Amino acid sequence: MEWNVIRLDEVDSTNEYAKKLIPDVSEGTVVVAKRQTSGRGRKGRAWASPEGGLWMSVILKPPMIDPRLVFVGALAVSDTLRDFGIGAWIKWPNDVWVGNRKISGVLTEVKGDFVIMGVGLNVNNEIPDGLKETATSMMEALGEPVDIGEVLERLLEYLGRWYKTFLENPPLVVEEVRGRTMLIGKEVRVLLDGNDLVGRVITISDDGSLILDVDGQTVKVVYGDVSVRINR
Ligand code: BT5
């Protein structure tokens, strides 16, 4: 993949900026901002994006719109972290965690035939007060700041590789996520608007869904927020 990187100092949200470029843009366009004033997570949740973090969106035009695309982002982040000596795990469907703290989130959105894949990764940024218990950064994990340019370079390299794998063989991407999630066998609560499920994770199926055992019944969850107690 040839990446064409647009660099901004400040933007509301790189996903919003990228969306406005569509359709007059080619696949592989990347929007990176030093800070976002209205960074977003899923369901309109706020994403803290102070200076020092990596906030970016890549524009893709896959032959099909597929929920498994989000795994491409999570795998690329986890490979990048590994290169810097940080062990991370993937929390289905779109988070990357270091121990019991979130370091990265991926937000995929669709516009026409395009997919905007937003990746937020805490690198050298301060973690805001309300998130100190639940979030971490590469700087915190390593005890020193890292070269954010190098982080971006690695991340784009791995995004290109995993996107290629996704295009060729999507179940391979899922298999890799299965191996990098700590959720299998764990008791989890899946927060589904007003209708939570509590069960044990059996697996992530090839179509990307979370398969749970809920009181002996097998339940398939296509999308949701997982909360899990991690004993490490
Ligand atoms: C996500 O949503 O994890 C997807 C985050 C995607 C952010 C990127 S940054 C570039 C691009 N442009 C955007 O506007 N967005 C994308 P979700 O699973 O809904 O998680 C959101 C939750 O994560 C919040 O409710 C907070 O609890 C927590 N959170 C917010 N900011 C955080 C941060 N910087 N680090 C760790 N956790 C954070």
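Numbering of ligands and ligand atoms starts at 1, following listing order. All figures in this text were calculated on a predicted structure; none of them were measured in a lab.
- Salt bridge absent: Arg35 and Asp12 never bring a charged side-chain N and a carboxylate O closer than 4.0 Å.
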Name the atoms and distances for all side-chain donor-acceptor pairs under 3.5 Å in residues 212-223, with sequence neighbours left out.
residue: Asp213; atom: OD1; partner: Gly216; partner atom: N; Å: 2.8
residue: Lys220; atom: NZ; partner: Asp207; partner atom: OD2; Å: 2.5

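- Looking only at atom types and distance, the side chain of Gln36 has no donor-acceptor partner in the side chain of Tyr17 under 3.5 Å away.
- Exactly one residue among Arg42, Arg40, Lys43 makes a salt bridge (Lys or Arg N to Asp or Glu O under 4.0 Å) with Glu109. That residue is Arg40.
- Shortest non-hydrogen contact noted between Trp3 and Val30 is CE3-CG2, 3.5 Å.
- Using a heavy-atom distance under 4.0 Å as the criterion, the protein contacts of ligand 1 are Ser13, Thr14, Asn15, Gln36, Gly39, Arg40, Gly41, Arg42, Arg45, Ala46, Trp47, Ala48, Met56, Ser57, Asn94, Asp95, Lys102, Gly105, Val106, Leu107, Gly118, Val119, Gly120, Asn122, Leu131, Ala135.
- Inspection of the Ser78 and Arg180 side chains reveals an N or O donor paired with an N or O acceptor under 3.5 Å.
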